[in-house]
Every structure is written in structure tokens, then in C-alpha cells.
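Please read all numbers here as calculations on a predicted model, not as lab measurements.
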Amino acid sequence: MRLLNILVGTVVLAIVLAIFGPAITSMSADVALHHLLVDVIMRHGQVRPEGVDIGVMNFYPPLSHWAAAFLGWIGGSGIAAMWILAIVAIGVGYYAIGRIVVMSGVIATICFVLLFGIFTGSMAQFGWEVVNNFFYPQIVATAVYLCILAWLANQMPGRLLPPMLAGLLSAVLYLIQPLAGIHLTATVALFLCVEAVSIWRQERRVPDVPVLLAVLVGCVGLAMLFLNSSSGQIIENSAHEGSLSFGFPARWMIGVVGICAAISASTLVLGLMSTTSVRAHVDRLMGSAGCAAVALIILQYISFTFLQYGSFYAVKKHIFLVVTFAVINLARLASRSFKSEYPVPYVFQPLIAIGVSGMATAWVLSSANSWEIRPIIEVENYANTVVAVSPEFRPGNTASIIGGVPTMNWMTAMTALRMPYSQAVRDFPEVQKEAEFLIIRVEGDEFSCAIARNYQFAVVPRDCYYDIANGEEIEFGAGGVGVPLLGVNWHAPEGWGVWSKGSSTITLDLSGKPATLKAQAMIFAPPTRPNLDFEVRVNGTALTVWRFSAQEPEAEKTVSIPASEGPVTIEFVPLAPLISPSEAGLGEDDRKLGLGLRGLRIE
């Protein structure tokens, strides 16, 4: 039977990888940074090679990155290896959850599947760490944490050695990602204290051993947290306010945590009321996990709110475990309302857990936008070739301008093109404009000035690239060819284009000739401010006004540009104050949005 379980699990995982492996569900900055560390390990066989600038990733816990590097050495791509391991982590994590849930019977398993489906819209359960964002080490560490909980759930009730060993294993999690390590430490310490209370209820004595073991586990966790340099760097970085959103408004966070706390606390209390059964043992364990997660998110919130230590971003990172444990515990609570829970024979539990894992993993990965990995690998491979054979190449003097995939150019610059982190972390469009050479995508015989090329890409001098041909479509989406032309006061480019955040500029080289600029532009037109006009200035001279309204918030706009020597600076000046979606009551986006620029043509 064990061989059958392994065979079925392998087949399910292979199917999931075949379907979802070719496209990654995030191209955030996190992807580039974690890929940077994996790339350095693959090239140098160490984390901090002398003379290599990788910035904040120098002291990041590297264990999951070493795993990706080993797989990357075999398969040839670090980013593909990371994504494969992230998918495997989701599958393994949900297998562990399936093993925990199926112990309570068929009804609990069905309840979990239904509740999981109902709450997928929250985007706050396990697995969504790598959807939109890319918390790669966190998803790996959490999968290990869930496996340890599944192992503990299958131990005989009342034994104290397994939770002690699990608590000591938290040291490994701190080397992957400290957040999961903190949660395991807190869960085991609380579980041991709960076991002490359970013993006291039965024997009316205060047991020393579980309390001392809880103290030991806590001390190990604190030592790893504060004495390990990698954990210290993560704590320092927790002040960073990153982007992390869920399927519910941030103002609901307190209510969500409160409901999850009530569910997990109820599970814990029920486990204490019945002290000897396997079900009570699992109730105490999973109730401890849920309550520990709630306690940690509250502590993080207090630290941020009252001590100004950390960030709301760091607070929100706990929510994945808070909600996941609440869903597990709610499923187990719901199954109690049935006359029979229809227990599953132990021999069949792994197969049902594999089914739960396959379903949940596919659901998570199919719920998000995705970007093909193949084009990323292709441009990185070409960049690696350029570095190896081009005598003109020096680290930092070459950048890529490849449209289609956000973050790809920045990631390629730091990995294949060896651009120092301190240089690449600046405003990247400025970095692209300063580069001596650019890697571009080519078709046919265009860009005859290329100094190197293959059937897809070419390396061209920067000046050659900026000789804009009449009628060429210039796109301003993330990775688009127009991004290096952006000047001041633009938000980060998105997939569709870019928003201005004030009086913004673009710079064009028109070779001293008159031209007509035709732009695909739009505005943010909420009911509270439906109209917005922009004065268009060329080299400081106002030439026209572009008018937008709620009836026509998006249109092609033109401006005639007279002949002038040197580069032409075009400025878009809003004629009314800009507002953000949050100010208009349309979400949590607090960016002031001005002119939305998709692309333009020069004629």
C-alpha cells in the first residue's frame, strides 16, 4: 500500500507540475531578489562571494535558496528551480493538512474541502504566499512546519518527546525563513503548556516536565531568532513596507483575526475537555497552532502600532497561517455536529490526503495571473552568452529592454548581466538610460547596428536604440521599450502601461526634425472627480491641452512638436489636484493617479 501511495502521489505531483510549471504566478520584485541569491549560489557555490554586491540578500536565510541552486545545477535554470520547489511546497503542505483533517473522518475532510473553496476568495490561505507576491522561503518553511504538525498529530497522545523534538527542529526553519520558525516555536511551547494543564486536570498536580520542555523550546527559538545573523537581518528588514493585499479590505483585518481566534480557541478548549482520545490530542495541537498564530500577529501589530517597530506589511505576513489553521479547525468543529464522523481506515488516509493536496494545489495556482518562464530563461541564456563572448561587456554597462514580462529586465540585469545590486536598485529606467549597451528583442533585419545577435535578441549601442523610427509603437508597460524614455514623476510601470504622479516628463530624440506625437492615454475618473485636463509642454513651452472626462476617460491624444536641436522633453502638467483610489473610496490604493500612458507613436 505504501508503494501505491508513493506512485499516486508522484503521478498527481507530476500532473500539477506539467500544468502549472511553465508559468509562474508572480513577477514581483521578490522573484528577482530571491532569484539573485539562487543565481549567486549557482555561480560561486557560496552565499557571499568576495566582490559580488547582492545587497540585502547577503544575509537572507539561504537554505531554501541552496535547494533551488542544487535543482538549478541539474536543470540549468535557477528561476525554474525556485518555481518548481514552490509548487512542490504547496503540494506537500496540503498533503500534510490532508493527513491532519482526514484523521477526524470523512465528514471533516468534506467540510475542509468546502470551506477551502468558500474562502479561496480571501487569498489568505496557505499557498497564496506565491500568488502576486513571491514569498518563496516562507512557502517552503511553512510546508515543513505543516509536515511537522502532521507528524505530531499522528503521535500517541500524552507523549512529550515528539513535541520536544519538533520544537528543536524549529532551528532548521529559522535557516529557511524565521517567520515559520517563530510559529513552530510558539505552537510547540503552547502545546506543551496545554499538555501540562491536561495532566493537571487529570491528576491535580502541576507537572514539571512539560513546563520545562516548553521553556527549553522557547529558549532555542529565541536563540535562533536573535543570535542568528540571518534572522537578525529579517527582523531589520521587517520595517520595510511592501505590497501585500488580500481578498478583503485591510480594515477587516481585526475582525478576521478575531473570528479565527474564536475558532482556534474553541478547538483548544474542546481538546482540554476530553483528555485521552486521539481526537482531543489533535484538537489541542491544532488549537495551539491557531492560537499561537493569532498571538504572534497581535504581538507584531502591537510592536508596529505602539513601538513603531516593524511594519503593517510584516503584520499581514502572519495572516496566511492564522486563516489556514482557522479553516482546518472550523472543518473539524463542523464535523462534530454529525452523528457519525465516518472514520477513515488508516491505510486509506494517505490516498485521501493526496487527493486533497492535488485539489488544493491546483485551485491555488489556477486562481492567479501567470507569466511564462520560458521567455525569462531565453533572455537570461542570451545575456549569459553575451557576458561570455562580448569583449565590450563589463558588469553594469549593459541592460536589457525586453517587453512582455514585468521585472524581467531588472532580474536579468542583476543575475546574468552581473549588475551590482547598489546600481540596479536605483530607479531602473534611469539605469537603462545610462547603460552603454542594450539587449533588445529583434525581428527580421532591424537594428543593423547590432554588435551581437541571434534569431531572437541583439546587443545594440544605446544611441542606436534611441534613434526612433517614424511610426514605431512605443509601449510603456512594465518591460516595454518606452520605459527608459520616462523622466520624472511616474509610478512604477504596470503590465498595461504607467501612471503619472504629478507633472511628469518623457524624453525623445527626434534628430532635430518636426514630428507629431500620438499617445494612447487615459485618466483615473472616479465619480468625485470625473474630469481632468493636462497641459502638454515641449521643452518648457505649452503647446496644447489634453482634455479627459468620465464620458471619454481614454483616448488617442496628439501634439505637434516643432523641430529643435537635441533631445525633446515633453511634460504633462495636470490642471487639477490628483487623487488616489483610496481617497475616492474605491479601494486601498493610495497612489495619486494622473495621466495613464499606454504607448505612443512618432510620425
Side-chain angles (χ1 to χ4, degrees), residues 30-31 33-49 52 54-73 78 81-90 92-93 96 126 129-130 133-152 162-189 216-238 240 289 292-293 296 300 310 314 317-318 320-321:
D30 295 315
V31 179
L33 292 174
H34 291 303
H35 180 31
L36 172 61
L37 183 51
V38 172
D39 184 77
V40 167
I41 294 173
M42 289 177 64
R43 293 182 191 279
H44 302 278
Q46 57 180 306
V47 175
R48 291 180 285 274
V52 177
I54 58 173
V56 296
M57 302 308 291
N58 257 320
F59 297 98
Y60 204 94
L63 201 54
S64 62
H65 301 86
W66 272 104
F70 278 116
L71 187 58
W73 281 324
M82 272 200 315
W83 180 230
I84 289 171
L85 289 178
I87 294 175
V88 170
I90 297 172
V92 169
F126 172 69
E129 293 95 329
V130 292
N133 293 91
F134 194 72
F135 304 146
Y136 165 66
Q138 183 171 328
I139 198 81
V140 173
T142 302
V144 176
Y145 172 31
L146 291 170
C147 288
I148 293 173
L149 287 181
W151 174 72
L152 282 176
M164 184 195 73
L165 293 175
L168 297 179
L169 280 173
S170 67
V172 177
L173 292 189
Y174 285 93
L175 299 177
I176 304 174
Q177 215 280 348
L179 185 139
I182 294 169
H183 276 265
L184 179 57
T185 297
T187 295
V188 173
L216 173 63
V217 168
C219 289
V220 170
L222 290 173
M224 288 299 299
L225 185 61
F226 293 106
L227 299 182
N228 178 29
S229 61
S230 295
S231 298
Q233 183 67 42
I234 293 295
I235 294 173
E236 185 178 332
N237 291 343
S238 68
H240 166 66
L296 287 171
Q300 186 89 58
K317 277 192 161 187
H318 293 272
F320 297 104
L321 284 171

Practice prompt. Evaluate the side chain to side chain contact (heavy atoms under 4.5 Å, CB included) criterion for residues L85 and L71: first the C-alpha distance (whole Å), next the side-chain angles of each, then the deciding distance (0.1 Å), finally the verdict.
Written response: CA-CA 9 Å; L85 289 178; L71 187 58; 4.0 Å; yes
Worksheet item: In Å and rounded to the nearest 0.5 Å, what is the NE2 to CD distance from H34 to Q138?
Response: 9.5 Å
Worksheet entry | 4.5 Å side-chain heavy-atom contact, I41 and V47 | yes
Fill in: Taking every non-hydrogen atom, the tightest pair across M42 and W73
O-NE1, 2.9 Å
Practice prompt. Drop me the distance from I176's CD1 to W66's CH2, to the nearest 0.5 angstrom.
Written response: 15.0 Å
Discussion item. Quick check: closest heavy atoms across A189 and V217, and the distance to 0.1 Å?
Written reply: N-CG1, 4.4 Å
Item to complete: May I ask you to test the L175-M224 pair for a side-chain heavy-atom distance under 4.5 Å?
Response: yes
Worksheet item: Is there a side-chain contact between H65 and M57, using heavy atoms and a 4.5 Å cut-off?
Response: yes
Item to complete: Please report the shortest heavy-atom distance between G221 and T185, naming the atom on each side.
Response: CA-OG1, 3.7 Å
Worksheet entry | Backbone of S64 reached by a side-chain donor or acceptor of Y136 within 3.5 Å | yes
Practice prompt. Check whether any side-chain heavy atom of L296 lies under 4.5 Å from a side-chain heavy atom of L321, and answer yes or no.
Written response: no
Worksheet item: Which distance, rounded to the nearest 0.5 Å, do you find between the NZ of K317 and the CZ of F135?
Response: 4.5 Å
Worksheet item: When you measure from the side chain of T142 to the backbone N and O of I139, does any donor-acceptor pair fall under 3.5 Å?
Response: no
Worksheet item: Minimum heavy-atom separation for W151 to P162, with atom names?
Response: CZ3-O, 3.5 Å
Discussion item. Over 60° means perpendicular and under 30° means parallel, so tell me whether F134 and W83 are parallel, tilted or perpendicular.
Written reply: tilted
Item to complete: To the nearest 0.5 Å, tell me how far L169 CG sits from M164 CE.
Response: 10.0 Å
Worksheet item: What are the two closest non-hydrogen atoms of A96 and A150, and how far apart are they?
Response: O-CB, 3.7 Å
Worksheet item: CE/M82 to CG/D30 distance, rounded to the nearest 0.5 angstrom?
Response: 9.5 Å
Discussion item. Quick check: closest heavy atoms across A180 and A141, and the distance to 0.1 Å?
Written reply: CB-CB, 3.5 Å
Worksheet entry | pair V40-V52: side-chain heavy atoms closer than 4.5 Å | yes
Discussion item. A side-chain contact here means heavy atoms from C-beta on lying under 4.5 Å apart; do V140 and Q177 qualify?
Written reply: no
Fill in: Separation between CZ of F59 and CD1 of I54, rounded to the nearest 0.5 Å
9.0 Å
Item to complete: Please examine the side chains of L33 and Y60, heavy atoms only from C-beta on, and report whether any two atoms are closer than 4.5 Å.
Response: no
